[in-house]
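For reference, the structure discussed in these notes is given below.
All residue numbers in this chain count up from 1 along the given sequence.
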Amino acid sequence: MEVPDVSKFKVGLCQLSVNSEKNLNILRAHNMIKFAAEQGARLVVLPEMWNCPYSADNFAKYAENFDDRDSSPSFSMLSEVASCFGITIVGGSIPEWCNGRLYNTCCVFGSDGTLKAKHRKIHLFDIDTPGDISFKESDSFSAGDEPTVVETDIGRIGIGICHDMRFPELAMLYRAKGAHIICYPGAFNMSTGELLWELVQRARAADNQLFVATCSPSRDSAGCYTIWGHSTLVSPFGEIIATSEHAETVVVAEIDYSEIQLRRENLPLEQQWRRDIYQFIDLHH
């Protein structure tokens, strides 16, 4: 595993309260990023759908065409604040218009404010649980078709959005591509949140022996369902390093990449793989 120049640093997880006023959401996100940076965070992560309420009737209204900066205030703010504070930003996700299609998109900005990568949510969240929740993200969004691993000042980051976390194959691919940390902006509902939010992210971290960071909107956010919250940082051994409750807050915690190598030396899972029985094939190499 390649060790980046910066191997120990702080991450900030901005658990934002999202409402129907886009400009207020942008201002609140800016202020939370600023707070995290002032606490020493070199990497800051925002939630899924932080600039608009999570509901199908809002996505198109709040969407931005990233090629037109004048009509993309959310995108522009992230670029400007990353450059201003010299930090890497995993910009949660916002609805993106591109060629007549709508995507659930995460933009990653480097410490100079440049767009380093763009991840379009690969696995769309379609669920129908009678008496609990019915939601079909595929009615609004097109699915992305590219995994995203990005080189940054603070290491190699894999990106997934919410339901992407449920698929271990994507996290395996990111480990194979040398990711040190996977960031999952997400907005799990109350039932999937209670049952799966912590369980799945700890599994992704432990199985692949890398860090996992998740960032959710707060529970009082507007939208078509109640959001679980509990933004979390997990170690390569599946331990909870830091987490929040459900209210708006910023979680700041330290990452030490030396723990990745330590865990992999203590328990060399990759050497124990049975390639004579099963194989992992990377279709995007």
Side-chain angles (χ1 to χ4, degrees), residues 14-33 44-82 89-109 115 117-128 133-145 148 159-164 184-190 192-193 215-229 231 246 248:
C14 299
Q15 186 162 286
L16 178 69
S17 177
V18 181
N19 63 36
S20 60
E21 295 294 330
K22 183 175 181 178
N23 290 336
L24 184 58
N25 292 331
I26 293 171
L27 176 62
R28 182 177 281 126
H30 175 280
N31 291 341
M32 294 181 81
I33 295 168
V44 177
V45 187
L46 290 181
E48 182 182 23
M49 288 296 146
W50 61 267
N51 78 341
C52 74
Y54 203 109
S55 62
D57 56 348
N58 285 315
F59 297 143
K61 292 188 294 185
Y62 289 74
E64 299 182 4
N65 177 355
F66 301 153
D67 293 328
D68 181 3
R69 292 293 185 92
D70 292 337
S71 66
S72 302
S74 308
F75 181 97
S76 297
M77 182 277 289
L78 295 176
S79 173
E80 291 164 7
V81 77
I89 295 179
V90 174
S93 79
I94 61 176
E96 175 202 9
W97 274 119
C98 184
N99 297 324
R101 291 190 172 190
L102 199 60
Y103 297 94
N104 185 342
T105 302
C106 174
C107 295
V108 182
F109 294 89
L115 179 66
K118 185 170 68 172
H119 177 81
R120 290 169 172 165
K121 188 173 184 178
I122 296 172
H123 306 93
L124 299 180
F125 182 60
D126 290 356
I127 186 171
D128 185 12
I133 182 172
S134 181
F135 185 79
K136 196 171 183 182
E137 194 174 23
S138 61
D139 283 344
S140 302
F141 290 110
S142 296
D145 57 10
T148 304
I159 304 294
I161 299 174
C162 200
H163 199 46
D164 286 339
Y184 293 104
F188 275 37
N189 64 63
M190 293 295 288
T192 61
C215 190
S216 169
S218 64
R219 190 169 298 174
D220 62 355
S221 296
C224 65
Y225 63 79
T226 305
I227 294 171
W228 178 243
S231 301
H246 61 77
E248 182 175 78

Using side-chain heavy atoms (C-beta onward) and a distance below 4.5 Å, is [X] in contact with [Y]?
| X | Y | result |
| --- | --- | --- |
| Ile227 | Val18 | no |
| Thr105 | His119 | no |
| Cys162 | Glu137 | no |
| Met49 | Pro95 | yes |
| Leu102 | Trp97 | yes |

Which value, rounded to the nearest 0.5 Å, describes the distance between [X] atom [atom1] and [Y] atom [atom2]?
| X | Y | atom1 | atom2 | value |
| --- | --- | --- | --- | --- |
| Ser216 | His246 | OG | NE2 | 11.5 Å |
| Trp50 | Cys106 | CH2 | SG | 11.0 Å |
| Ile89 | Leu115 | CD1 | CG | 11.5 Å |
| Cys98 | Glu64 | SG | CD | 13.5 Å |
| Asn104 | Ser93 | CG | OG | 3.5 Å |
| His30 | Asn25 | NE2 | CG | 14.5 Å |

*asked:* Counting neighbours of CG on Asn99 that are heavy atoms of other residues, nucleotides or ligands and sit closer than 6.0 Å, is the number greater than 12?
replied: no

*Could you tell me which non-hydrogen atom of Pro185 sits nearest to which non-hydrogen atom of Gly160, and how far apart they are?*
CD-O, 3.0 Å

*Any idea which heavy atoms bring Gly186 and Pro217 closest together, and the distance?*
O-CD, 3.1 Å

Between [X] (side chain) and [Y] (backbone), is there a donor-acceptor pair under 3.5 Å?
| X | Y | result |
| --- | --- | --- |
| Tyr62 | Ser20 | yes |
| Ser79 | Ser76 | no |
| Asp164 | His123 | yes |
| Arg28 | Leu16 | no |

Once side-chain contact (heavy atoms from CB on, under 4.5 Å) is applied, do any residues pair with [X], and if so which ones, sequence neighbours excluded?
| X | value |
| --- | --- |
| Lys61 | Asn58 |
| Ala117 | Val108, Thr148, Val150 |
| Ala143 | Leu124 |

Hey, could you give me each pair passing salt bridge (Lys or Arg N to Asp or Glu O under 4.0 Å) that has a residue in [range]? Not counting sequence neighbours.
| range | value |
| --- | --- |
| residues 71-82 | none |
| residues 217-227 | none |
| residues 96-105 | Glu96-Lys118, Glu96-Arg120 |

Taking side chain to side chain donor-acceptor pair (under 3.5 Å) as the definition, give me every residue that meets it alongside [X], ordered by chain and number, with sequence neighbours left out.
| X | answer |
| --- | --- |
| His163 | none |
| Asn51 | Ser74 |
| Thr192 | Asn189 |
| Thr226 | none |

*Where do Ser140 and Phe135 land on the side-chain contact (heavy atoms from CB on, under 4.5 Å) test, with the steps shown first?*
CA-CA 10 Å; Ser140 302; Phe135 185 79; 6.0 Å; no

*salt bridge (charged side-chain N to carboxylate O under 4.0 Å, His left out) with Glu48: which residues, sequence neighbours excluded?*
Lys121

*Kindly write out the residues that satisfy ring-ring contact (aromatic ring centres under 6.0 Å, His included) with Tyr103, not counting sequence neighbours, or none if the list is empty.*
none

_Tyr54-Phe125 aromatic ring centre distance below 6.0 Å_ =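 No, ring centres 6.0 Å or more apart.
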
*Which word best sums up how the rings of Phe75 and Phe66 line up, parallel for under 30°, tilted for 30 to 60°, or perpendicular for over 60°?*
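Rings of Phe75 and Phe66: parallel, as their planes differ by under 30°.
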
